[in-house]
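Here the structure comes first, spelled out in structure tokens, and everything after it is commentary.
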Protein chains: 2
Amino acid sequence: MSEIDTRQRILDTAEALFAEQGLESTTMRQITGAAEVNLAAINYHFGSKEELIREVFRRRLTWLNRQRLQQLETLQAEAAGKPLKPSRILEVFFGAALKMAADTEGGGRTFMRLLGRTYTKPTEFVRSFLADEYAAVTTRFMTALIQALPGVPKEEILWRFHFMLGAVSYAISGTDALRIMGADALDDTDTDALYARLMSFMIGGLRAPLPTLQSPSAKRTRIKNAA
Amino acid sequence: MSEIDTRQRILDTAEALFAEQGLESTTMRQITGAAEVNLAAINYHFGSKEELIREVFRRRLTWLNRQRLQQLETLQAEAAGKPLKPSRILEVFFGAALKMAADTEGGGRTFMRLLGRTYTKPTEFVRSFLADEYAAVTTRFMTALIQALPGVPKEEILWRFHFMLGAVSYAISGTDALRIMGADALDDTDTDALYARLMSFMIGGLRAPLPTLQSPSAKRTRIKNAA
DNA sequence: GTCTATATCGGGATAGAC
DNA sequence: GTCTATCCCGATATAGAC
């Protein structure tokens with residue numbers, strides 16, 4: 001078995017097991033066992049388990065974010081200075097993610113599930129290199145969104161972007177949460193339908209009337225009545 | 001130190017460490033060390049680490065879901081047979097969660113972060129007892145929502161509920177994802193503002209026009225153009 | 001490059017004195 | 001109920017033969 005093959009097999013197998021069990025719970029014995037390579041191969045090819053994790057994320061994220069930047073630039077070039085429609089920006093950013101998540105054979109779906117789960121509970125070394133991978137792309141998209149929504153405060157846009165990240169993450173991560181909630185019957189294999197559903201939900205949320213933020217003195221009353 | 005005190009101290013400490021590090025990465029040595037009790041105390045009081053985890057979730061979830069059911073019943077009694085406003089139902093379900101998440105001193109905030117992270121990647125034993133805890137509450141809320149939205153297909157409601165779970169989960173789980181995305185400046189301590197923001201976003205998403213689901217033959221074209 | 005064997009560490013759990 | 005000491009296991013990592 002050649003060097004390249006072994007590396008790829010380890011990466012693919014690790015990705016699948018990480019997505020299924022989490023980074024910490026997956027052992028090098030499981031990975032090398034399932035990949036049918038020797039236990040020592042991970043340390044030989046990557047140096048350590050941490051470096052393997054880094055590489056699993058890196059190889060997909062650089063590609064994904066390059067796609068996003070290119071498509072955003074295309075969009076901006078076509079607009080020729082005119083303001084972009086917010087929905088177009090979201091379609092580029094989240095569409096790229098969902099397109100990758102729709103790729104069941106190439107492992108894209110597996111990876112996106114892993115990525116979504118990693119956002120909320122990253123260990124420090126994971127958080128730091130994810131931030132590096134995203135640094136270029138997010139500033140570009142956020143400024144584009146802010147320009148596309150002149151009436152909306154920047155803080156509000158950031159929050160809604162955060163909410164959308166959560167929605168997309170759950171949408172991609174399968175139906176575990178829904179199964180906990182007692183609904184096992186949903187079909188999450190129709191990725192086109194999922195994309196359509198998600199986009200209309202998110203556009204609706206992005207376009208929603210701004211919340212009326214009350215003064216501090218009224219705080220207690222509001223939450224109590226609402227909850 | 002009395003029995004009760006030790007039990008509580010273990011539960012509180014475990015909850016905090018689980019939220020911070022995850023269930024698997026947190027060791028019994030860390031818990032007992034931070035709680036300043038003996039290493040053997042966990043096995044004595046709970047039997048095993050798994051049983052401790054179960055109890056950490058159980059004590060908060062039963063209370064939370066009882067609140068939700070009571071408030072839903074109140075709402076339905078007040079309506080006296082008339083259809084409920086969807087937003088009122090969401091306010092009860094998610095308001096209860098956010099109210100608990102606003103409790104920084106009593107550990108509610110810590111717990112809700114733990115819960116949100118657990119939804120997406122539950123081990124089998126966790127998934128099964130979470131499903132038990134939620135069994136009563138979700139069927140009630142889903143049927144209420146379906147009745148409140150007569151024009152909307154049941155499947156669509158379930159999906160949008162799923163998206164909302166994701167948004168709420170991310171909103172509660174802190175700003176890790178946003179920090180990865182390069183925005184560290186958001187204030188997530190103003191829980192009332194967060195509640196208002198989240199509710200208007202979710203109502204907007206729930207009220208959004210239904211997606212136009214295309215025929216299977218048109219699938220490839222749509223996603224390609226969109227992404 | 002690949003393998004076996006092993007070093008070193010830290011995990012959960014328990015026995016038995018107090 | 002609490003503590004110490006210990007068992008047993010499986011983790012990452014590496015040394016050294018092939």
Side-chain angles (χ1 to χ4, degrees), chain A residues 1-59 114 118 121-126 128-129, chain B residues 1-59 114 117-118 121-129:
Chain A
M1 193 176 297
S2 87
E3 173 191 1
I4 296 283
D5 278 348
T6 301
R7 247 186 88 94
Q8 293 298 335
R9 289 162 62 88
I10 290 174
L11 283 170
D12 293 340
T13 314
E15 182 177 69
L17 289 171
F18 287 155
E20 199 182 331
Q21 307 177 333
L23 301 177
E24 264 98 47
S25 311
T26 302
T27 71
M28 295 167 68
R29 283 177 167 81
Q30 288 178 304
I31 297 168
T32 51
E36 296 179 308
V37 301
N38 190 269
L39 170 60
I42 288 183
N43 287 291
Y44 178 78
H45 286 284
F46 300 94
S48 68
K49 186 186 175 184
E50 274 203 2
E51 286 303 311
L52 169 61
I53 293 174
R54 199 186 220 95
E55 185 59 21
V56 164
F57 282 93
R58 204 197 53 74
R59 63 170 184 164
L114 169 61
T118 308
K121 159 195 127 120
T123 56
E124 187 46 35
F125 95 96
V126 173
S128 97
F129 76 71
Chain B
M1 191 177 299
S2 89
E3 173 190 2
I4 297 282
D5 278 346
T6 301
R7 247 187 88 94
Q8 294 298 335
R9 290 161 61 87
I10 291 175
L11 284 171
D12 293 340
T13 314
E15 182 176 70
L17 289 171
F18 287 155
E20 200 182 330
Q21 306 178 335
L23 300 177
E24 264 100 45
S25 311
T26 303
T27 72
M28 296 168 66
R29 283 175 168 83
Q30 284 179 305
I31 297 168
T32 52
E36 295 179 309
V37 302
N38 190 269
L39 170 60
I42 288 182
N43 287 290
Y44 178 79
H45 285 285
F46 300 94
S48 68
K49 186 186 175 184
E50 273 203 4
E51 286 303 312
L52 168 62
I53 292 174
R54 198 187 220 93
E55 185 59 22
V56 164
F57 282 93
R58 203 197 53 73
R59 63 170 183 165
L114 170 60
R117 292 170 184 186
T118 308
K121 153 193 131 130
T123 56
E124 185 47 37
F125 97 96
V126 173
R127 202 203 61 75
S128 97
F129 77 71

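As the structure is a computational prediction, the values presented were derived from the model and not from experiment. Just so it is clear: chains get the letters A, B, ... in the order the sequence lines come, proteins before strands, and each one is counted from 1.
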Integer-rounded Å distance: D:dG16 C1' and A:Tyr44 OH: 15 Å
Write out a two-atom table: protein N or O, nucleotide N or O from nucleotides 5-11 of chain D, distance below 3.5 Å.
unit_1: D:dA11; atom_1: N7; unit_2: A:Arg29; atom_2: NH1; d: 3.4

Donor-acceptor contact below 3.5 Å, side chain A:Arg9 vs main chain A:Ala35: yes
Whole angstrom value for the distance that separates C1' of D:dA13 from CD1 of A:Ile42: 11 Å
Nearest-angstrom distance from the residue atom CZ of B:Phe46 to P of C:dT14: 16 Å
Separation between CD1 of B:Ile31 and CZ of B:Phe18, rounded to the nearest 0.5 Å: 4.0 Å
SB check B:Arg59 B:Asp12 (cutoff 4.0 Å): yes
For A:Ala34 against A:Thr13, the heavy-atom pair lying closest together: CB-CG2, 3.5 Å
Presence of A:Thr6 side-chain N/O under 4.0 Å of C:dG1 phosphate oxygens OP1/OP2: no
Distance, rounded to the nearest Å, where A:Leu52 contributes CG and D:dA13 contributes C1': 14 Å
Student check: side-chain heavy atoms of A:Gln21 and B:Lys121 closer than 4.5 Å: no
Between C1' of D:dT2 and NE2 of B:His45, the distance in whole Å: 9 Å
Separation of C:dT8 P from A:Asn43 CG (nearest whole Å): 17 Å
Side-chain (B:Lys49) to main-chain (B:Asn43) donor-acceptor, under 3.5 angstrom: no
